[in-house]
Amino acid sequence: MDSSDISDDLTTVLYTREQIAARLAEIAAEIDRDYKDKFPLLVGVLNGAIMVVADLSRALSIHCEMDWMAVSSYGSGTQTSGVVRILKDLSVDLAGRHVLVVEDIIDTGLTLTYLMQNLASRDPASLKIMTMFRKPDAFKGDLEIAYVGFDLPNQFVVGYGLDYAGRYRNLTDVGILAPHVYS
Ligand code: PRP
């Protein structure tokens with residue numbers, strides 16, 4: 001789905017698919033250098049990260065493995081509590097592996113704060129984070145993020161894995177959702 005298909009639903013296109021692809025190519029080049037001969041394991045956090053993992057992994061020039069986790073935050077409404085339940089765990093043993101957690105977005109940072117503690121306890125050789133998007137105004141955690149695609153304004157953003165009510169994940173661009181859609 002292209003932003004022109006749903007232009008009434010967006011107030012602003014923030015990043016086009018071309019800009020996202022170009023930024024991913026830059027990050028992939030960094031990861032190629034940092035993980036040369038390390039056969040990294042990319043851990044995608046479902047559902048939002050599927051686009052990033054699919055595109056980042058194919059932009060790499062080195063071998064990598066991929067695995068997936070599904071988590072759910074306990075909380076009321078749109079508020080994240082920081083308590084995370086694992087709905088689907090990894091299939092791969094992390095001991096001795098170079099693990100790169102891949103996210104679509106870090107907002108409050110609470111999901112990853114929990115997840116990183118959990119993954120660190122499994123004795124990986126290294127554990128780092130790549131996120132395509134970050135909302136710095138909303139970020140409350142104390143996380144070291146090794147690779148960041150783009151910073152986003154603290155608004156309701158959809159596309160490239162980011163959804164509203166299950167929709168817009170398959171939008172190739174990223175944009176700000178028009179208030180009439182959710183009000
Ligand atoms: C999103 C995103 C992160 C989390 C970030 O997932 O993929 O996992 O929220 O938020 P935080 O930094 O405030 O913890 P979401 O729970 O919306 O699920 P989804 O990936 O299936 O859309």
Side-chain angles (χ1 to χ4, degrees), residues 1 3 6 9-10 14-15 17 20 23-24 27 31 40-57 66-92 94 99-122 124 127-179 181-183:
M1 175 190 278
S3 49
I6 50 138
D9 292 2
L10 301 177
L14 294 171
Y15 299 107
R17 69 190 302 177
I20 293 168
R23 182 72 190 112
L24 270 180
I27 293 173
I31 293 172
L41 174 68
L42 307 186
V43 170
V45 185
L46 297 171
N47 294 307
I50 55 169
M51 309 296 174
V52 194
V53 173
D55 288 342
L56 176 68
S57 62
M66 286 166 257
D67 201 357
W68 306 91
M69 284 188 87
V71 299
S72 151
S73 294
Y74 290 109
S76 56
T78 55
Q79 283 296 100
T80 312
S81 66
V83 181
V84 172
R85 186 163 52 118
I86 294 177
L87 302 177
K88 183 217 169 294
D89 207 341
L90 298 170
S91 308
V92 174
L94 298 193
V99 177
L100 182 61
V101 177
V102 179
E103 266 286 22
D104 51 340
I105 188 165
I106 298 177
D107 188 343
T108 63
L110 293 170
T111 304
L112 268 192
T113 298
Y114 171 86
L115 213 52
M116 293 299 276
Q117 284 170 3
N118 180 293
L119 298 179
S121 72
R122 306 184 196 193
L127 179 60
K128 290 189 175 179
I129 299 169
M130 180 272 168
T131 186
M132 192 67 227
F133 302 107
R134 177 176 61 179
K135 280 189 169 174
D137 291 346
F139 183 61
K140 290 185 199 133
D142 182 23
L143 284 171
E144 192 178 326
I145 305 169
Y147 311 95
V148 180
F150 297 111
D151 283 324
L152 292 179
N154 206 0
Q155 297 189 59
F156 210 133
V157 177
V158 294
Y160 201 69
L162 306 175
D163 76 307
Y164 168 65
R167 298 180 186 214
Y168 304 100
R169 279 195 212 279
N170 59 325
L171 176 62
T172 53
D173 303 333
V174 163
I176 298 174
L177 196 61
V181 177
Y182 54 87
S183 57

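When a residue number appears, it is its place in the shown sequence, counting from 1. All ligand and atom numbering here is 1-based and tracks the order in the structure. Because the structure is predicted, anything quoted here is derived from the model rather than measured.
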Open item on the list: Looking at ligand 1, would Leu46 count as a contact under a 4.0 Å heavy-atom criterion?
Closed with: yes
Task: Between Asp55 and Tyr160: side-chain donor-acceptor atoms closer than 3.5 Å - done: yes
- [ ] For the pair Asp173 (side chain) and Arg17 (backbone), establish whether a donor and an acceptor sit closer than 3.5 Å, ignoring hydrogens and angles.
- [x] yes
Open item on the list: Is it the case that ligand 1 has an N or O less than 3.5 angstrom from some N or O of Ile106?
Closed with: no
Task: Main-chain N/O of Glu144 paired with Lys128 side-chain donor or acceptor, under 3.5 Å - done: no
- [ ] Mark yes when over 12 heavy atoms from residues, nucleotides or ligands other than Arg167 sit less than 6.0 Å from its CZ; otherwise mark no.
- [x] no
- [ ] Grab the two heavy atoms, one from Gly175 and one from Leu10, that are nearest each other, plus how far apart they are.
- [x] C-CD2, 4.1 Å
Open item on the list: As an exercise, identify every atom of ligand 1 less than 4.0 angstrom from a heavy atom of Ile105.
Closed with: 2 (C), 3 (C), 5 (C)
- [ ] For Asp9 and Tyr168, run side chain to side chain donor-acceptor pair (under 3.5 Å): C-alpha distance rounded to whole Å, both residues' side-chain angles, the deciding distance at 0.1 Å, then the answer.
- [x] CA-CA 10 Å; Asp9 292 2; Tyr168 304 100; 2.7 Å; yes
Task: Lys135 heavy atom under 4.0 Å from ligand 1 - done: no
Task: Side chain, backbone, both or neither: the part of Val71 lying under 4.0 Å from ligand 1 by heavy atom - done: neither
Task: Nearest neighbour of atom 8 (O) of ligand 1 from the list Arg134, Glu103, Met69, on a heavy-atom basis - done: Glu103
Open item on the list: Determine whether a donor-acceptor pair (N or O, by modelled atom type, separation under 3.5 Å) exists between the side chain of Asp163 and the backbone of Arg169.
Closed with: no
Open item on the list: Could you tell me, atom by atom, which parts of ligand 1 come under 4.0 Å of a heavy atom of Asp163?
Closed with: 22 (O)
TODO: Quick one: sort the Phe150 and Tyr15 rings into parallel, tilted or perpendicular, breaks at 30° and 60°.
DONE: parallel
Task: Atoms in ligand 1 with a heavy atom of Leu110 nearer than 4.0 Å - done: 12 (O), 14 (O)
Task: Where Met51 and Gly161 come nearest, the two heavy atoms and their spacing - done: CG-N, 3.7 Å
Open item on the list: Taking 4.0 angstrom as the limit and counting only heavy atoms of Thr111, give me the atoms of ligand 1 inside it, by number and element.
Closed with: 4 (C), 8 (O), 10 (O), 11 (P), 14 (O)
Task: ligand 1 atoms in contact with Asn47 (distance to a heavy atom under 4.0 Å) - done: 19 (P), 20 (O), 21 (O)
Open item on the list: Check this for me - ligand 1, Gly48, N or O atoms closer than 3.5 angstrom, yes or no?
Closed with: yes
Open item on the list: Residue-level breakdown please: for Asp104 versus ligand 1, do any non-hydrogen atoms fall below 4.0 Å on the side chain, on the backbone, on both, or on neither?
Closed with: side chain
Task: Atom indices of ligand 1, in the order listed, that fall short of 4.0 Å to a heavy atom of Thr108 - done: 11 (P), 12 (O), 13 (O), 14 (O)
